[in-house]
Amino acid sequence: ALPATVELDLGDGLSALCVHGSPSSNEEGIYSVTPDETVEQILADADAPVLFCGHTHLQMLRRLEHVLIVNPGAIGLPFSEWAPHTIAIAPWAEYGILTHDDGRLHVDLRRTTYDVAAMLRMSRASGMPHAEWWADCWQLNLLRSG
């Protein structure tokens with residue numbers, strides 16, 4: 001029941017559009033390597049000068065001529081690399097802090113480490129949907145990284 005998009009008033013006439021994947025699809029990702037022309041098409045109907053998106057689980061800050069694209073990354077399943085058939089999960093949580101003051105926009109992308117093993121134990125015991133699948137994603141990555 002969540003809305004597909006949320007618009008934030010940042011003050012001083014500046015707004016941000018928040019979406020999961022892209023303004024037109026929850027399953028469409030915007031990557032650092034997505035060609036500018038493709039991103040322009042994806043954003044054709046979006047009017048906000050700042051776009052917050054996710055879906056890819058990859059932290060990113062990207063600037064096109066008329067829009068700043070921010071992916072704060074992921075707290076629960078951040079990827080350190082992604083390629084077809086290969087996903088590496090990073091042992092940290094990612095997030096972003098946005099401030100807008102004195103007519104200036106600041107985006108600070110951050111990471112922090114935490115006890116992954118404790119988090120996996122807690123998740124399995126929590127009853128969350130698909131907890132075992134999710135924990136297995138982590139376990140596979142931990143085994144690969146040695």
Trainee: Over 60° means perpendicular and under 30° means parallel, so classify the ring planes of His20 and His55, tilted if in between.
Mentor: perpendicular

Trainee: Which atom pair, heavy atoms only, marks the closest approach of Leu109 to Pro72?
Mentor: CD2-CA, 4.1 Å

Trainee: Counting N and O atoms only, with roles assigned by atom type, does the side chain of Ser123 sit under 3.5 Å from a partner on the main chain of Met119, one being a donor and the other an acceptor?
Mentor: yes

Trainee: Could you pull out the closest heavy-atom pair between Val67 and Leu51, with the gap in Å?
Mentor: CG2-N, 4.1 Å

Trainee: Less than 4.5 Å apart, any side-chain heavy atom of Ser15 and any of Asp9?
Mentor: no

Trainee: For residues Leu98 and Leu10, determine if any side-chain heavy atom of one lies less than 4.5 Å from a side-chain heavy atom of the other.
Mentor: yes

Trainee: Shortest non-hydrogen contact from Gly11 to His100?
Mentor: O-CE1, 3.1 Å

Trainee: Run Arg63 and Asp36 through salt bridge (Lys or Arg N to Asp or Glu O under 4.0 Å) and show every step you take.
Mentor: CA-CA 10 Å; Arg63 178 93 171 137; Asp36 288 351; over 6 Å; no

Trainee: Any chance you could lay out the side-chain contact (heavy atoms from CB on, under 4.5 Å) test for Leu43 and Ile69, step after step, and finish with the verdict?
Mentor: CA-CA 10 Å; Leu43 301 180; Ile69 303 167; 4.0 Å; yes

Trainee: Quick check: closest heavy atoms across Gly103 and Asp12, and the distance to 0.1 Å?
Mentor: N-OD2, 3.9 Å

Trainee: Working to the nearest 0.5 Å, report the span between CD of Glu28 and OG1 of Thr34.
Mentor: 8.5 Å

Trainee: Is there a donor in the side chain of Glu132 and an acceptor in the side chain of Trp134, or the other way round, less than 3.5 Å apart?
Mentor: no

Trainee: Do Val116 and Trp92 land in one hydrophobic cluster if side-chain heavy atoms of ILVMFWY residues count as linked below 4.5 Å?
Mentor: no

Trainee: Indicate the atoms forming the closest heavy-atom contact of His57 with Leu77, along with that distance.
Mentor: ND1-O, 2.7 Å

Trainee: Are Leu14 and Leu61 linked, directly or through intermediate hydrophobic residues, by side-chain heavy-atom contacts shorter than 4.5 Å (ILVMFWY only)?
Mentor: yes

Trainee: Out of curiosity, does Met128 fall in the hydrophobic cluster containing Met122 (side-chain heavy atoms, cut-off under 4.5 Å, transitive links)?
Mentor: no

Trainee: Mind checking whether Val70 and Phe79 sit in one hydrophobic cluster, side chains of I, L, V, M, F, W, Y counted as touching below 4.5 Å?
Mentor: no

Trainee: Can you confirm whether more than 12 heavy atoms, excluding those of Asn26, are under 6.0 Å from its CG atom?
Mentor: yes

Trainee: Evaluate Ile42 against Glu40 for side-chain contact (heavy atoms from CB on, under 4.5 Å), listing each step before the verdict.
Mentor: CA-CA 5 Å; Ile42 290 170; Glu40 292 285 350; over 6 Å; no

Trainee: Given side chains that start at C-beta, do those of Asp101 and His106 come closer than 4.5 Å, heavy atoms only?
Mentor: yes

Trainee: Just wondering, do Asp108 and Arg110 contact through their side chains at under 4.5 Å, heavy atoms?
Mentor: yes

Trainee: Asp102 side chain to Arg104 main-chain N or O, any donor-acceptor pair under 3.5 Å?
Mentor: no

Trainee: Side chains of Arg62 and Val39: closer than 4.5 Å at any heavy-atom pair?
Mentor: yes

Trainee: Side chains of Pro23 and Leu17: does their closest heavy-atom pair fall under 4.5 Å?
Mentor: yes

Trainee: Restricting to non-hydrogen atoms, name the atom on Tyr31 and the atom on Met60 that form the minimum distance, rounded to 0.1 Å.
Mentor: C-SD, 3.5 Å

Trainee: State plainly whether one hydrophobic cluster holds both Val33 and Leu64, where clusters connect Ile, Leu, Val, Met, Phe, Trp and Tyr through side-chain heavy atoms under 4.5 angstrom apart.
Mentor: no

Trainee: If you apply the rule side-chain contact (heavy atoms from CB on, under 4.5 Å), what do you find for Asn71 with Gln59, and how did you get there?
Mentor: CA-CA 5 Å; Asn71 185 331; Gln59 204 171 53; 5.7 Å; no

Trainee: Looking just at side-chain N and O atoms, do Asp45 and Ser24 make a donor-acceptor pair shorter than 3.5 Å?
Mentor: no

